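Data block below; observations after.
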Number of protein chains: 2
Amino acid sequence: MPYPSNHSAMALFVQRLASHTPLDADAREALLSLPVQRHDVRAHADFVEVGSSSDHASLVAEGLVGRFGQTGDGRRQIVSLHLPGEIADLQSVIVPQATTALTALTGSTLLRVAHDDLRRVGLRHPGIATAFWRACVVEAAIVAQWLINIGQRPARSRMAHLFCEMATRYAQLDQSDGRRYRLPMTQEQLGDALGLTSVHVNRTLQGLREERLVSVSRDSVEILDWDGLVAAGEFDRAYLAAA
Amino acid sequence: MPYPSNHSAMALFVQRLASHTPLDADAREALLSLPVQRHDVRAHADFVEVGSSSDHASLVAEGLVGRFGQTGDGRRQIVSLHLPGEIADLQSVIVPQATTALTALTGSTLLRVAHDDLRRVGLRHPGIATAFWRACVVEAAIVAQWLINIGQRPARSRMAHLFCEMATRYAQLDQSDGRRYRLPMTQEQLGDALGLTSVHVNRTLQGLREERLVSVSRDSVEILDWDGLVAAGEFDRAYLAAA
DNA sequence: CGGTATATTGAGACGGCTCAATTTCTGTGG
DNA sequence: CCACAGAAATTGAGCCGTCTCAATATACCG
(Lines give C-alpha, C1' and ligand atoms only; values in the text may rest on other atoms or scores of the structure.)
Protein backbone atom coordinates (compact mmCIF):
# COMPACT_ATOMS: atom_id res chain seq x y z
CA MET A 1 0.00 0.00 0.00
CA PRO A 2 2.29 2.75 -1.20
CA TYR A 3 -0.14 5.60 -0.69
CA PRO A 4 -2.16 5.31 2.46
CA SER A 5 -3.85 8.64 1.80
CA ASN A 6 -5.08 7.38 -1.54
CA HIS A 7 -6.81 4.61 0.17
CA SER A 8 -8.51 6.82 2.67
CA ALA A 9 -9.81 9.19 -0.01
CA MET A 10 -11.38 6.34 -1.91
CA ALA A 11 -12.71 4.93 1.34
CA LEU A 12 -14.26 8.29 2.09
CA PHE A 13 -15.84 8.37 -1.34
CA VAL A 14 -17.27 4.89 -0.97
CA GLN A 15 -18.51 5.58 2.50
CA ARG A 16 -20.43 8.62 1.34
CA LEU A 17 -21.92 6.75 -1.59
CA ALA A 18 -22.95 3.95 0.69
CA SER A 19 -24.55 6.26 3.20
CA HIS A 20 -27.49 6.82 0.86
CA THR A 21 -27.48 3.88 -1.51
CA PRO A 22 -26.89 0.63 0.31
CA LEU A 23 -23.89 -1.09 -1.22
CA ASP A 24 -23.04 -4.65 -0.37
CA ALA A 25 -19.55 -5.56 0.73
CA ASP A 26 -18.82 -6.90 -2.70
CA ALA A 27 -19.62 -3.62 -4.38
CA ARG A 28 -17.69 -1.59 -1.86
CA GLU A 29 -14.70 -3.83 -2.27
CA ALA A 30 -14.91 -3.51 -6.04
CA LEU A 31 -14.67 0.26 -5.74
CA LEU A 32 -11.93 0.23 -3.15
CA SER A 33 -9.77 -2.00 -5.24
CA LEU A 34 -10.00 0.09 -8.38
CA PRO A 35 -6.59 1.09 -9.61
CA VAL A 36 -5.87 4.79 -9.24
CA GLN A 37 -3.12 7.01 -10.40
CA ARG A 38 -1.89 9.62 -8.00
CA HIS A 39 -1.45 13.17 -9.24
CA ASP A 40 -0.17 16.20 -7.46
CA VAL A 41 -1.22 19.59 -8.72
CA ARG A 42 0.09 22.97 -7.72
CA ALA A 43 -2.17 25.77 -6.63
CA HIS A 44 -3.84 27.58 -9.54
CA ALA A 45 -3.09 24.83 -11.99
CA ASP A 46 -5.93 23.89 -14.33
CA PHE A 47 -5.82 20.16 -14.83
CA VAL A 48 -8.90 19.68 -16.99
CA GLU A 49 -9.47 22.08 -19.87
CA VAL A 50 -12.77 22.93 -21.49
CA GLY A 51 -13.26 20.88 -24.59
CA SER A 52 -10.82 18.19 -23.57
CA SER A 53 -11.92 14.61 -23.50
CA SER A 54 -10.41 12.42 -20.88
CA ASP A 55 -10.53 8.73 -20.08
CA HIS A 56 -10.50 9.10 -16.33
CA ALA A 57 -12.23 10.93 -13.51
CA SER A 58 -10.45 12.76 -10.70
CA LEU A 59 -11.06 11.86 -7.10
CA VAL A 60 -9.86 14.59 -4.77
CA ALA A 61 -7.58 13.12 -2.15
CA GLU A 62 -6.32 16.34 -0.67
CA GLY A 63 -6.77 20.04 -1.25
CA LEU A 64 -9.63 21.88 -2.88
CA VAL A 65 -10.75 21.71 -6.48
CA GLY A 66 -12.98 24.10 -8.40
CA ARG A 67 -14.96 23.49 -11.53
CA PHE A 68 -15.32 26.63 -13.58
CA GLY A 69 -16.32 28.24 -16.80
CA GLN A 70 -14.85 31.25 -18.48
CA THR A 71 -16.28 34.10 -20.50
CA GLY A 72 -14.75 35.69 -23.56
CA ASP A 73 -12.94 38.37 -21.61
CA GLY A 74 -11.41 35.86 -19.26
CA ARG A 75 -13.73 36.21 -16.31
CA ARG A 76 -14.10 32.99 -14.42
CA GLN A 77 -17.10 31.58 -12.70
CA ILE A 78 -16.52 28.75 -10.30
CA VAL A 79 -19.45 26.43 -10.62
CA SER A 80 -18.69 23.96 -7.89
CA LEU A 81 -16.15 23.18 -5.21
CA HIS A 82 -14.91 19.71 -4.49
CA LEU A 83 -13.63 18.50 -1.17
CA PRO A 84 -11.51 15.45 -0.52
CA GLY A 85 -13.50 12.28 -0.97
CA GLU A 86 -15.45 13.67 -3.92
CA ILE A 87 -14.97 12.90 -7.57
CA ALA A 88 -14.80 16.32 -9.17
CA ASP A 89 -15.95 15.17 -12.58
CA LEU A 90 -18.02 12.07 -12.08
CA GLN A 91 -20.24 13.23 -14.92
CA SER A 92 -17.34 12.70 -17.29
CA VAL A 93 -18.00 8.99 -17.05
CA ILE A 94 -21.17 9.64 -19.00
CA VAL A 95 -20.12 12.67 -21.03
CA PRO A 96 -16.35 12.60 -21.45
CA GLN A 97 -16.09 15.89 -23.28
CA ALA A 98 -15.63 18.58 -20.64
CA THR A 99 -17.79 21.69 -20.94
CA THR A 100 -16.24 23.10 -17.85
CA ALA A 101 -12.67 23.11 -16.53
CA LEU A 102 -11.11 21.94 -13.29
CA THR A 103 -8.56 23.86 -11.30
CA ALA A 104 -6.73 23.25 -8.07
CA LEU A 105 -7.56 26.16 -5.81
CA THR A 106 -4.72 25.14 -3.58
CA GLY A 107 -2.05 22.52 -3.86
CA SER A 108 -4.00 19.30 -4.24
CA THR A 109 -3.54 15.65 -4.85
CA LEU A 110 -5.86 13.76 -7.10
CA LEU A 111 -6.46 10.12 -7.78
CA ARG A 112 -7.28 9.36 -11.37
CA VAL A 113 -9.77 6.58 -11.91
CA ALA A 114 -10.34 5.18 -15.37
CA HIS A 115 -13.78 5.73 -16.88
CA ASP A 116 -13.75 2.19 -18.12
CA ASP A 117 -13.29 0.87 -14.63
CA LEU A 118 -16.05 3.03 -13.26
CA ARG A 119 -18.42 1.94 -16.00
CA ARG A 120 -17.53 -1.68 -15.53
CA VAL A 121 -18.10 -1.60 -11.82
CA GLY A 122 -21.37 0.25 -12.36
CA LEU A 123 -22.62 -2.40 -14.71
CA ARG A 124 -21.63 -5.24 -12.44
CA HIS A 125 -23.18 -3.60 -9.39
CA PRO A 126 -26.39 -1.73 -10.17
CA GLY A 127 -26.29 -0.20 -6.72
CA ILE A 128 -23.11 1.57 -7.68
CA ALA A 129 -24.62 2.88 -10.88
CA THR A 130 -27.49 4.27 -8.86
CA ALA A 131 -25.10 5.79 -6.36
CA PHE A 132 -23.18 7.51 -9.17
CA TRP A 133 -26.39 8.86 -10.57
CA ARG A 134 -27.35 10.11 -7.14
CA ALA A 135 -24.01 11.82 -6.69
CA CYS A 136 -24.57 13.72 -9.92
CA VAL A 137 -28.08 14.65 -8.87
CA VAL A 138 -26.86 16.01 -5.58
CA GLU A 139 -24.16 18.01 -7.26
CA ALA A 140 -26.71 19.44 -9.64
CA ALA A 141 -28.85 20.44 -6.69
CA ILE A 142 -25.92 22.32 -5.25
CA VAL A 143 -25.24 24.12 -8.49
CA ALA A 144 -28.90 25.07 -8.66
CA GLN A 145 -28.67 26.61 -5.21
CA TRP A 146 -25.63 28.56 -6.28
CA LEU A 147 -27.61 29.87 -9.18
CA ILE A 148 -30.37 31.04 -6.88
CA ASN A 149 -27.78 32.52 -4.59
CA ILE A 150 -25.95 34.43 -7.27
CA GLY A 151 -29.00 35.32 -9.28
CA GLN A 152 -31.02 36.78 -6.47
CA ARG A 153 -29.04 37.58 -3.38
CA PRO A 154 -26.80 40.51 -2.52
CA ALA A 155 -23.13 40.00 -1.80
CA ARG A 156 -23.42 39.60 1.95
CA SER A 157 -26.05 36.88 1.68
CA ARG A 158 -24.19 35.07 -1.05
CA MET A 159 -21.11 34.86 1.00
CA ALA A 160 -22.91 33.79 4.13
CA HIS A 161 -24.68 31.09 2.16
CA LEU A 162 -21.44 29.75 0.80
CA PHE A 163 -19.85 29.60 4.24
CA CYS A 164 -22.88 27.75 5.58
CA GLU A 165 -22.83 25.29 2.74
CA MET A 166 -19.18 24.51 3.14
CA ALA A 167 -19.58 24.13 6.88
CA THR A 168 -22.34 21.62 6.32
CA ARG A 169 -20.44 19.72 3.70
CA TYR A 170 -17.33 19.54 5.84
CA ALA A 171 -19.37 18.38 8.78
CA GLN A 172 -20.82 15.57 6.71
CA LEU A 173 -17.34 14.65 5.68
CA ASP A 174 -15.50 14.48 8.94
CA GLN A 175 -18.24 14.29 11.55
CA SER A 176 -17.18 17.64 12.94
CA ASP A 177 -19.65 20.35 13.83
CA GLY A 178 -18.43 22.42 10.90
CA ARG A 179 -17.82 25.50 12.99
CA ARG A 180 -14.25 25.63 11.84
CA TYR A 181 -12.90 24.31 8.61
CA ARG A 182 -10.21 24.79 6.03
CA LEU A 183 -11.14 26.83 3.00
CA PRO A 184 -7.93 27.57 1.19
CA MET A 185 -9.29 30.10 -1.28
CA THR A 186 -7.99 33.54 -2.07
CA GLN A 187 -10.43 36.42 -2.09
CA GLU A 188 -10.08 36.42 -5.85
CA GLN A 189 -11.22 32.81 -6.01
CA LEU A 190 -13.99 33.51 -3.56
CA GLY A 191 -15.09 36.23 -5.92
CA ASP A 192 -15.03 33.81 -8.84
CA ALA A 193 -17.28 31.50 -6.88
CA LEU A 194 -19.68 34.22 -5.84
CA GLY A 195 -19.82 36.30 -8.97
CA LEU A 196 -18.12 39.22 -7.25
CA THR A 197 -14.93 41.21 -7.62
CA SER A 198 -12.10 40.45 -5.26
CA VAL A 199 -12.34 44.02 -4.10
CA HIS A 200 -15.94 43.60 -3.20
CA VAL A 201 -15.26 40.26 -1.58
CA ASN A 202 -12.79 42.00 0.65
CA ARG A 203 -15.27 44.63 1.73
CA THR A 204 -18.09 42.18 2.20
CA LEU A 205 -15.84 39.98 4.29
CA GLN A 206 -15.04 42.94 6.49
CA GLY A 207 -18.73 43.47 6.99
CA LEU A 208 -19.28 39.89 8.09
CA ARG A 209 -16.35 40.18 10.46
CA GLU A 210 -17.67 43.38 11.98
CA GLU A 211 -20.99 41.67 12.51
CA ARG A 212 -19.12 38.94 14.36
CA LEU A 213 -20.60 36.26 12.13
CA VAL A 214 -17.40 34.67 10.90
CA SER A 215 -13.70 34.91 11.15
CA VAL A 216 -12.07 34.21 7.83
CA SER A 217 -8.40 33.84 7.28
CA ARG A 218 -6.44 33.00 4.20
CA ASP A 219 -7.17 29.34 4.41
CA SER A 220 -9.75 28.67 7.00
CA VAL A 221 -13.15 29.78 8.18
CA GLU A 222 -14.43 29.93 11.71
CA ILE A 223 -18.10 30.49 12.22
CA LEU A 224 -18.76 32.66 15.24
CA ASP A 225 -22.53 32.94 15.03
CA TRP A 226 -24.12 30.06 13.20
CA ASP A 227 -27.69 31.25 13.51
CA GLY A 228 -26.74 34.70 12.39
CA LEU A 229 -24.89 33.36 9.40
CA VAL A 230 -27.76 31.06 8.46
CA ALA A 231 -30.12 34.00 8.62
CA ALA A 232 -27.82 36.20 6.58
CA GLY A 233 -27.52 33.56 3.89
CA GLU A 234 -31.08 32.26 4.16
CA PHE A 235 -29.41 28.91 4.34
CA ASP A 236 -31.53 25.78 4.39
CA ARG A 237 -29.52 22.61 4.40
CA ALA A 238 -32.30 20.54 2.83
CA TYR A 239 -30.57 20.47 -0.55
CA LEU A 240 -27.58 18.82 1.07
CA ALA A 241 -29.59 16.16 2.83
CA ALA A 242 -29.02 13.67 0.04
CA ALA A 243 -25.29 14.37 -0.14
CA MET B 1 -55.25 5.55 -27.13
CA PRO B 2 -57.26 8.31 -25.54
CA TYR B 3 -54.49 10.91 -25.58
CA PRO B 4 -52.49 10.92 -28.73
CA SER B 5 -50.40 13.84 -27.51
CA ASN B 6 -49.37 11.85 -24.46
CA HIS B 7 -47.99 9.26 -26.64
CA SER B 8 -46.05 11.65 -28.75
CA ALA B 9 -44.52 13.36 -25.74
CA MET B 10 -43.32 10.07 -24.36
CA ALA B 11 -42.14 9.07 -27.79
CA LEU B 12 -40.20 12.29 -28.00
CA PHE B 13 -38.64 11.63 -24.64
CA VAL B 14 -37.64 8.12 -25.58
CA GLN B 15 -36.29 9.22 -28.90
CA ARG B 16 -34.03 11.77 -27.27
CA LEU B 17 -32.81 9.29 -24.71
CA ALA B 18 -32.08 6.81 -27.43
CA SER B 19 -30.20 9.30 -29.54
CA HIS B 20 -27.24 9.11 -27.18
CA THR B 21 -27.61 5.85 -25.32
CA PRO B 22 -28.59 3.04 -27.65
CA LEU B 23 -31.79 1.45 -26.39
CA ASP B 24 -33.05 -1.80 -27.80
CA ALA B 25 -36.61 -2.11 -29.01
CA ASP B 26 -37.52 -3.88 -25.83
CA ALA B 27 -36.34 -1.05 -23.64
CA ARG B 28 -38.00 1.58 -25.78
CA GLU B 29 -41.25 -0.32 -25.69
CA ALA B 30 -41.03 -0.65 -21.93
CA LEU B 31 -40.81 3.10 -21.61
CA LEU B 32 -43.51 3.83 -24.14
CA SER B 33 -45.96 1.55 -22.42
CA LEU B 34 -45.50 3.05 -18.98
CA PRO B 35 -48.78 4.22 -17.57
CA VAL B 36 -49.05 7.99 -17.33
CA GLN B 37 -51.54 10.31 -15.79
CA ARG B 38 -52.41 13.41 -17.69
CA HIS B 39 -52.44 16.72 -15.88
CA ASP B 40 -53.33 20.14 -17.13
CA VAL B 41 -51.90 23.12 -15.34
CA ARG B 42 -52.79 26.74 -15.77
CA ALA B 43 -50.21 29.40 -16.41
CA HIS B 44 -48.37 30.51 -13.28
CA ALA B 45 -49.47 27.50 -11.31
CA ASP B 46 -46.78 25.88 -9.18
CA PHE B 47 -47.33 22.16 -9.29
CA VAL B 48 -44.36 20.99 -7.27
CA GLU B 49 -43.54 22.82 -4.06
CA VAL B 50 -40.17 23.01 -2.36
CA GLY B 51 -39.96 20.43 0.38
CA SER B 52 -42.69 18.24 -1.04
CA SER B 53 -42.02 14.61 -1.71
CA SER B 54 -43.76 13.06 -4.65
CA ASP B 55 -44.06 9.57 -6.02
CA HIS B 56 -44.00 10.54 -9.66
CA ALA B 57 -42.05 12.58 -12.17
CA SER B 58 -43.57 15.04 -14.62
CA LEU B 59 -43.04 14.68 -18.32
CA VAL B 60 -43.88 17.87 -20.15
CA ALA B 61 -46.29 17.14 -22.97
CA GLU B 62 -47.16 20.67 -23.90
CA GLY B 63 -46.28 24.14 -22.73
CA LEU B 64 -43.25 25.33 -20.84
CA VAL B 65 -42.18 24.46 -17.33
CA GLY B 66 -39.72 26.23 -15.07
CA ARG B 67 -37.84 24.90 -12.12
CA PHE B 68 -37.14 27.60 -9.59
CA GLY B 69 -36.01 28.54 -6.15
CA GLN B 70 -37.10 31.40 -4.01
CA THR B 71 -35.38 33.70 -1.57
CA GLY B 72 -36.75 34.94 1.71
CA ASP B 73 -38.19 38.10 0.23
CA GLY B 74 -40.00 36.20 -2.48
CA ARG B 75 -37.61 36.74 -5.36
CA ARG B 76 -37.61 33.84 -7.74
CA GLN B 77 -34.76 32.38 -9.67
CA ILE B 78 -35.64 30.06 -12.49
CA VAL B 79 -33.01 27.40 -12.56
CA SER B 80 -34.05 25.50 -15.66
CA LEU B 81 -36.63 25.47 -18.40
CA HIS B 82 -38.27 22.33 -19.66
CA LEU B 83 -39.66 21.83 -23.12
CA PRO B 84 -42.13 19.20 -24.24
CA GLY B 85 -40.52 15.80 -24.32
CA GLU B 86 -38.45 16.45 -21.21
CA ILE B 87 -39.03 15.15 -17.73
CA ALA B 88 -38.82 18.26 -15.60
CA ASP B 89 -37.85 16.46 -12.42
CA LEU B 90 -36.15 13.27 -13.43
CA GLN B 91 -33.84 13.67 -10.48
CA SER B 92 -36.81 13.12 -8.19
CA VAL B 93 -36.58 9.44 -9.05
CA ILE B 94 -33.38 9.40 -7.06
CA VAL B 95 -34.09 12.14 -4.55
CA PRO B 96 -37.85 12.46 -4.10
CA GLN B 97 -37.73 15.42 -1.76
CA ALA B 98 -37.84 18.53 -3.92
CA THR B 99 -35.34 21.27 -3.15
CA THR B 100 -36.69 23.35 -5.96
CA ALA B 101 -40.20 23.99 -7.22
CA LEU B 102 -41.86 23.55 -10.57
CA THR B 103 -44.14 26.04 -12.20
CA ALA B 104 -46.01 26.17 -15.46
CA LEU B 105 -44.82 29.30 -17.23
CA THR B 106 -47.75 29.00 -19.58
CA GLY B 107 -50.71 26.69 -19.69
CA SER B 108 -49.15 23.25 -19.86
CA THR B 109 -50.03 19.64 -19.85
CA LEU B 110 -47.96 17.15 -17.94
CA LEU B 111 -47.82 13.40 -17.88
CA ARG B 112 -47.12 11.96 -14.48
CA VAL B 113 -44.98 8.87 -14.44
CA ALA B 114 -44.62 6.87 -11.25
CA HIS B 115 -41.15 6.77 -9.71
CA ASP B 116 -41.62 3.08 -9.06
CA ASP B 117 -42.20 2.43 -12.72
CA LEU B 118 -39.19 4.44 -13.74
CA ARG B 119 -36.98 2.65 -11.24
CA ARG B 120 -38.29 -0.70 -12.29
CA VAL B 121 -37.69 -0.09 -15.96
CA GLY B 122 -34.24 1.24 -15.15
CA LEU B 123 -33.31 -1.89 -13.27
CA ARG B 124 -34.62 -4.17 -15.95
CA HIS B 125 -32.85 -2.26 -18.73
CA PRO B 126 -29.45 -0.93 -17.68
CA GLY B 127 -29.32 1.15 -20.83
CA ILE B 128 -32.30 3.09 -19.57
CA ALA B 129 -30.67 3.69 -16.21
CA THR B 130 -27.64 5.04 -18.00
CA ALA B 131 -29.81 7.22 -20.19
CA PHE B 132 -31.54 8.66 -17.13
CA TRP B 133 -28.22 9.37 -15.55
CA ARG B 134 -27.08 11.04 -18.73
CA ALA B 135 -30.18 13.20 -18.87
CA CYS B 136 -29.44 14.45 -15.38
CA VAL B 137 -25.83 15.12 -16.29
CA VAL B 138 -26.85 17.15 -19.30
CA GLU B 139 -29.30 19.16 -17.30
CA ALA B 140 -26.63 19.85 -14.74
CA ALA B 141 -24.34 21.07 -17.51
CA ILE B 142 -27.03 23.48 -18.60
CA VAL B 143 -27.52 24.81 -15.11
CA ALA B 144 -23.78 25.27 -14.82
CA GLN B 145 -23.80 27.38 -17.98
CA TRP B 146 -26.59 29.46 -16.59
CA LEU B 147 -24.51 30.04 -13.52
CA ILE B 148 -21.61 31.23 -15.64
CA ASN B 149 -23.99 33.36 -17.63
CA ILE B 150 -25.60 35.01 -14.65
CA GLY B 151 -22.49 35.19 -12.56
CA GLN B 152 -20.27 36.84 -15.14
CA ARG B 153 -22.11 38.37 -18.05
CA PRO B 154 -24.00 41.64 -18.41
CA ALA B 155 -27.70 41.68 -19.15
CA ARG B 156 -27.41 41.86 -22.92
CA SER B 157 -25.13 38.83 -23.11
CA ARG B 158 -27.21 36.84 -20.70
CA MET B 159 -30.30 37.33 -22.72
CA ALA B 160 -28.59 36.58 -26.00
CA HIS B 161 -27.17 33.42 -24.50
CA LEU B 162 -30.56 32.26 -23.34
CA PHE B 163 -32.12 32.85 -26.74
CA CYS B 164 -29.33 30.91 -28.39
CA GLU B 165 -29.68 28.04 -25.98
CA MET B 166 -33.40 27.77 -26.46
CA ALA B 167 -33.02 27.95 -30.21
CA THR B 168 -30.58 25.09 -30.11
CA ARG B 169 -32.71 23.02 -27.80
CA TYR B 170 -35.80 23.55 -29.91
CA ALA B 171 -33.88 22.66 -33.01
CA GLN B 172 -32.79 19.39 -31.45
CA LEU B 173 -36.37 18.74 -30.54
CA ASP B 174 -38.19 19.34 -33.76
CA GLN B 175 -35.47 19.26 -36.40
CA SER B 176 -36.14 22.88 -37.20
CA ASP B 177 -33.35 25.36 -37.68
CA GLY B 178 -34.35 27.07 -34.45
CA ARG B 179 -34.59 30.50 -36.02
CA ARG B 180 -38.10 30.85 -34.82
CA TYR B 181 -39.61 29.19 -31.81
CA ARG B 182 -42.25 29.57 -29.16
CA LEU B 183 -41.12 30.94 -25.86
CA PRO B 184 -44.24 31.75 -23.90
CA MET B 185 -42.62 33.69 -21.09
CA THR B 186 -43.50 37.08 -19.74
CA GLN B 187 -40.74 39.60 -19.28
CA GLU B 188 -41.10 39.05 -15.58
CA GLN B 189 -40.40 35.36 -16.01
CA LEU B 190 -37.55 36.10 -18.34
CA GLY B 191 -36.16 38.27 -15.59
CA ASP B 192 -36.52 35.44 -13.10
CA ALA B 193 -34.55 33.22 -15.43
CA LEU B 194 -31.83 35.77 -16.04
CA GLY B 195 -31.47 37.28 -12.62
CA LEU B 196 -32.81 40.62 -13.84
CA THR B 197 -35.71 42.89 -13.13
CA SER B 198 -38.61 42.87 -15.54
CA VAL B 199 -37.93 46.53 -16.12
CA HIS B 200 -34.41 45.83 -17.13
CA VAL B 201 -35.48 42.90 -19.23
CA ASN B 202 -37.71 45.24 -21.13
CA ARG B 203 -34.91 47.69 -21.81
CA THR B 204 -32.42 45.03 -22.71
CA LEU B 205 -34.90 43.48 -25.08
CA GLN B 206 -35.32 46.82 -26.78
CA GLY B 207 -31.61 46.98 -27.23
CA LEU B 208 -31.47 43.59 -28.90
CA ARG B 209 -34.32 44.59 -31.14
CA GLU B 210 -32.64 47.80 -32.14
CA GLU B 211 -29.54 45.85 -32.98
CA ARG B 212 -31.71 43.69 -35.22
CA LEU B 213 -30.56 40.56 -33.47
CA VAL B 214 -33.92 39.16 -32.46
CA SER B 215 -37.57 39.87 -32.64
CA VAL B 216 -39.31 38.86 -29.46
CA SER B 217 -43.01 38.84 -28.91
CA ARG B 218 -45.04 37.75 -25.97
CA ASP B 219 -44.75 34.11 -26.78
CA SER B 220 -42.24 33.58 -29.48
CA VAL B 221 -38.74 34.44 -30.52
CA GLU B 222 -37.42 35.02 -33.98
CA ILE B 223 -33.72 35.21 -34.44
CA LEU B 224 -32.77 37.73 -37.09
CA ASP B 225 -29.01 37.54 -36.88
CA TRP B 226 -27.78 34.24 -35.56
CA ASP B 227 -24.09 35.05 -35.72
CA GLY B 228 -24.64 38.36 -34.06
CA LEU B 229 -26.63 36.78 -31.28
CA VAL B 230 -24.07 34.04 -30.76
CA ALA B 231 -21.38 36.68 -30.49
CA ALA B 232 -23.42 38.77 -28.10
CA GLY B 233 -24.06 35.80 -25.85
CA GLU B 234 -20.67 34.13 -26.35
CA PHE B 235 -22.70 31.07 -27.06
CA ASP B 236 -20.98 27.77 -27.64
CA ARG B 237 -23.34 24.88 -28.14
CA ALA B 238 -20.84 22.29 -26.94
CA TYR B 239 -22.58 21.88 -23.61
CA LEU B 240 -25.75 20.88 -25.43
CA ALA B 241 -24.05 18.32 -27.63
CA ALA B 242 -24.93 15.51 -25.27
CA ALA B 243 -28.55 16.59 -24.95
C1' DC C 1 -66.47 45.71 -23.05
C1' DG C 2 -64.34 45.94 -18.91
C1' DG C 3 -60.72 44.28 -15.92
C1' DT C 4 -56.48 42.39 -15.01
C1' DA C 5 -51.99 41.11 -16.58
C1' DT C 6 -48.24 42.70 -19.13
C1' DA C 7 -45.34 45.93 -21.34
C1' DT C 8 -43.26 50.41 -21.54
C1' DT C 9 -41.22 54.70 -19.98
C1' DG C 10 -39.03 58.09 -16.71
C1' DA C 11 -36.27 59.60 -12.87
C1' DG C 12 -33.43 58.81 -9.20
C1' DA C 13 -30.78 55.74 -6.08
C1' DC C 14 -27.36 52.32 -5.03
C1' DG C 15 -24.67 48.05 -5.03
C1' DG C 16 -20.97 46.49 -6.95
C1' DC C 17 -17.32 47.61 -10.42
C1' DT C 18 -12.92 49.77 -12.15
C1' DC C 19 -8.66 51.70 -11.60
C1' DA C 20 -4.90 52.46 -8.87
C1' DA C 21 -2.08 52.81 -4.90
C1' DT C 22 -0.44 50.78 -0.72
C1' DT C 23 0.20 47.39 2.83
C1' DT C 24 0.64 42.87 4.42
C1' DC C 25 1.53 38.31 3.96
C1' DT C 26 4.23 34.06 2.31
C1' DG C 27 7.58 31.47 0.64
C1' DT C 28 12.28 31.13 -0.96
C1' DG C 29 17.16 31.60 -1.45
C1' DG C 30 21.25 33.32 0.41
C1' DC D 1 17.60 34.02 10.10
C1' DC D 2 17.13 37.70 7.14
C1' DA D 3 16.08 39.88 2.79
C1' DC D 4 13.55 39.98 -0.95
C1' DA D 5 9.99 39.18 -4.55
C1' DG D 6 5.68 37.95 -5.77
C1' DA D 7 1.08 37.12 -4.28
C1' DA D 8 -2.66 38.50 -1.71
C1' DA D 9 -5.19 41.76 0.99
C1' DT D 10 -6.67 46.33 1.86
C1' DT D 11 -8.11 51.02 0.97
C1' DG D 12 -9.80 55.14 -1.70
C1' DA D 13 -12.33 57.50 -5.26
C1' DG D 14 -15.32 57.75 -8.90
C1' DC D 15 -18.35 55.49 -12.18
C1' DC D 16 -22.01 52.72 -14.19
C1' DG D 17 -25.25 48.86 -14.79
C1' DT D 18 -29.03 47.55 -12.78
C1' DC D 19 -32.65 48.35 -9.36
C1' DT D 20 -36.65 50.82 -7.28
C1' DC D 21 -40.61 53.31 -7.43
C1' DA D 22 -44.15 55.09 -10.02
C1' DA D 23 -46.96 56.27 -13.77
C1' DT D 24 -48.98 55.13 -18.17
C1' DA D 25 -50.03 52.44 -22.16
C1' DT D 26 -51.19 48.18 -24.26
C1' DA D 27 -52.71 43.53 -24.73
C1' DC D 28 -55.32 39.74 -23.49
C1' DC D 29 -59.47 37.24 -21.58
C1' DG D 30 -63.78 36.18 -20.09
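Because only heavy atoms are used, hydrogens play no part in the values below, and waters and symmetry mates are left out as well, while side chains stay in. On a predicted model such as this, the values are computed, not experimentally measured, just so you know. By convention in this document, chain letters (A, B, ...) are assigned in the order of the sequence lines, proteins followed by strands, and residues within each chain are numbered from 1.
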Point to revise | Mutual orientation of the aromatic rings belonging to H161(B) and Y239(B) [parallel < 30°, tilted 30-60°, perpendicular > 60°] | key: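 Rings of H161(B) and Y239(B): parallel, under 30°.
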Anything under 3.5 Å between a protein N or O and an N or O of nucleotides 28-30 of chain D, put it in a table, one pair a line.
none

Whole Å only: how far is the [atom1] atom of [X] from the [atom2] atom of [N]?
X: Q152(A); N: dG16(C); atom1: CD; atom2: P; result: 13 Å
X: D192(A); N: dC17(C); atom1: CG; atom2: P; result: 11 Å
X: L194(A); N: dG16(C); atom1: CG; atom2: P; result: 11 Å
X: L105(B); N: dT6(C); atom1: CG; atom2: C1'; result: 15 Å

**Study point:** ring-ring contact (aromatic ring centres under 6.0 Å, His included) partners of F47(B), counting only residues at least two apart
**Key:** none
Review point. How about R42(A): does its CZ atom have over 12 heavy atoms from other parts shown lying under 6.0 Å from it?
Key: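 Check fails, neighbour count at 12 or below.
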Check your understanding: Would you say R237(A) has more than 12 foreign heavy atoms packed within less than 6.0 Å of its CZ?
Key ->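 No, CZ of R237(A) has 12 or fewer neighbouring heavy atoms, counting only those of other groups under 6.0 Å.
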Exercise for review: Give the intermediate values and the outcome of side chain to side chain contact (heavy atoms under 4.5 Å, CB included) for residues I87(B) and F13(B).
Suggested key: CA-CA 8 Å; I87(B) 292 189; F13(B) 176 66; 3.5 Å; yes
Point to revise | Trace of the side chain to side chain donor-acceptor pair (under 3.5 Å) decision for N149(B) with Q145(B) | key: CA-CA 6 Å; N149(B) 203 28; Q145(B) 292 299 321; over 6 Å; no
Review point. How far apart are the C-alpha atoms of R67(A) and S80(A), what are their side-chain angles, what is the distance that settles it, and do they pass the side chain to side chain donor-acceptor pair (under 3.5 Å) test?
Key: CA-CA 5 Å; R67(A) 206 153 60 83; S80(A) 61; 3.2 Å; yes
Check your understanding: Taking protein heavy atoms under 4.0 Å as touching, what does nucleotides 10-22 of chain D look like 5' to 3' if B marks base contact, S marks sugar-phosphate-only contact and - marks none?
Key -> BBBB----SSBB-
**Study point:** Spacing of CG belonging to L183(B) relative to OG1 belonging to T106(B), to within rounding of 0.5 Å
**Key:** 10.0 Å
